[in-house]
Amino acid sequence: MTQSLKGKTALVTGASRGIGRAIAERLAKDGATVALNYNASKSGADEAVVAIQKAGGTAFAIQADLVDPATVPALFERLDDEFTKRNGSKALDILVNNAGNAGWVGFNDATPDSWDTLIAVYARAPFFIVQAALSRLADGGRIINISSAAATKPVTAAPIYSMAKAAINNLTHALASELGPRGITANAVAPGFTRTDANAAFRENPELVKAIEAQIALGRFGEASEIAAVVAFLASDEGHWVTGQTIEASGGYRL
């Protein structure tokens, strides 16, 4: 097992399940000390930490509801304490913005409140998490934002989500220019349809699944571990020459 991230620290938001959990597990497997942020699912976050520790990795969980902007400074205070306790330093090497909430709000169902809640988590939180991270992020560090294929191929059933993910791609580009002088890379990974518990009910409709798979060049839903593998590459030393990019990891969705 390669330990390409040995001695590195990482924060993964929305890491109690699905893609976020797979990313946290992969970064820990590669040697990083991983902070898993979660909102509602303490049990999921605790399970992920136990799984990482059983596999020989190091991780801990921190709760923060990113709908509330006041939780960002509190999240970083906790993070500083935990990293200092473990490493003698609050330095952060890898930041993965992955947190999300229910994205499937259509044009007719949307309200100003639902718009605000979605934008708060998918667009505002990553911006202010990066802002808070900048004084802690080590030179040569990594920012990896989880975008979506919907950013460039909007899903009509999820217009607010699609808008927010397009904003993440733009933020990623801006960060790469801003942080290049410090050797910090900023990239986005854009999954397509990926098998997670969040879409388990949706996948019980075989006709719908068949219709979606027909739009994917490789003919199936992705696995969370396949998204995590792309993130792990960008987080590694081998990914140091890639910045300002949105890498779609969708199996070739709607080519």
Side-chain angles (χ1 to χ4, degrees), residues 1-38 45-62 75-76 78-99 126 129-130 132-147 172 175-176 179-180 182-191 223-247 249:
M1 184 171 78
T2 62
Q3 290 274 288
S4 59
L5 300 178
K6 195 163 179 58
K8 304 284 189 188
T9 56
L11 168 63
V12 182
T13 67
S16 63
R17 62 179 192 168
I19 289 171
R21 176 170 172 169
I23 291 168
E25 288 179 344
R26 175 59 191 267
L27 296 180
K29 182 184 171 190
D30 289 353
T33 297
V34 182
L36 293 80
N37 156 252
Y38 69 96
D46 289 344
E47 276 171 31
V49 168
V50 168
I52 286 169
Q53 289 171 339
K54 273 189 180 163
T58 306
F60 57 91
I62 297 181
L75 166 66
F76 276 90
R78 288 279 315 282
L79 197 65
D80 289 348
D81 289 347
E82 292 286 348
F83 280 154
T84 302
K85 200 161 64 184
R86 285 169 166 78
N87 306 321
S89 160
K90 64 181 188 180
L92 176 65
D93 297 294
I94 301 156
L95 168 62
V96 182
N97 279 306
N98 167 77
I129 285 170
V130 170
L134 283 185
S135 62
R136 297 156 168 98
L137 207 60
D139 288 356
R142 304 280 188 267
I143 296 170
I144 301 155
N145 296 318
I146 304 304
S147 177
T172 301
L175 288 171
L179 301 176
R182 290 180 55 194
I184 296 169
T185 67
N187 292 286
V189 175
E223 299 294 338
S225 60
E226 293 174 311
I227 310 306
V230 180
V231 173
F233 163 71
L234 292 170
S236 74
D237 287 345
E238 279 126 342
H240 77 277
W241 198 235
V242 180
T243 194
Q245 303 305 304
T246 298
I247 299 170

CA sep, side-chain torsions, deciding dist, call: V96, I146, side chain to side chain contact (heavy atoms under 4.5 Å, CB included): CA-CA 7 Å; V96 182; I146 304 304; 4.1 Å; yes
Non-hydrogen side-chain atoms of R86 and T33 separated by less than 4.5 Å: yes
Among pairs that include at least one residue of residues 90-99, which meet side chain to side chain donor-acceptor pair (under 3.5 Å), considering only residues two or more places apart or in two chains? T9-D93, N97-N145
Do the charged groups of E25 and R21 touch, with an N to O distance under 4.0 Å? yes
Answer yes or no: is there a side-chain heavy-atom contact under 4.5 Å between W241 and T185? no
Can you list everything that forms a side-chain contact (heavy atoms from CB on, under 4.5 Å) with A24? Sequence neighbours excluded, please. V12, A15, V34, L36, I52
Supply the atom-to-atom distance I184 CD1 to L134 CG, rounded to the nearest 0.5 angstrom. 6.5 Å
Would you say that P191 contacts I19 through its side chain, given a criterion of any heavy-atom pair below 4.5 Å between the two side chains? yes
Between the side chain of T243 and the main-chain N/O of A186, is any donor-acceptor distance below 3.5 Å? yes
Which residues satisfy the salt bridge (Lys or Arg N to Asp or Glu O under 4.0 Å) test with D81, sequence neighbours excluded? none
A32 and A10: which non-hydrogen atoms are nearest, and at how many Å? CB-CB, 4.4 Å
Do the non-hydrogen side-chain atoms of D80 and R136 ever get within less than 4.5 Å of each other? yes
Sorted by chain and number, sequence neighbours left out, salt bridge (Lys or Arg N to Asp or Glu O under 4.0 Å) with E238 holds for none
So I144 and I23, side chain to side chain contact (heavy atoms under 4.5 Å, CB included) or not? Walk me through it. CA-CA 11 Å; I144 301 155; I23 291 168; over 6 Å; no
Check side-chain hydrogen bond (donor to acceptor under 3.5 Å, both in side chains) between R17 and all other residues, then give those that pass, not counting sequence neighbours. none
May I have the list of side-chain donor-acceptor pairs in residues 53-62 shorter than 3.5 Å, sequence neighbours left out?
none

At their closest point, which heavy atom of S4 faces which heavy atom of S236, and how far apart are they? OG-CB, 4.4 Å
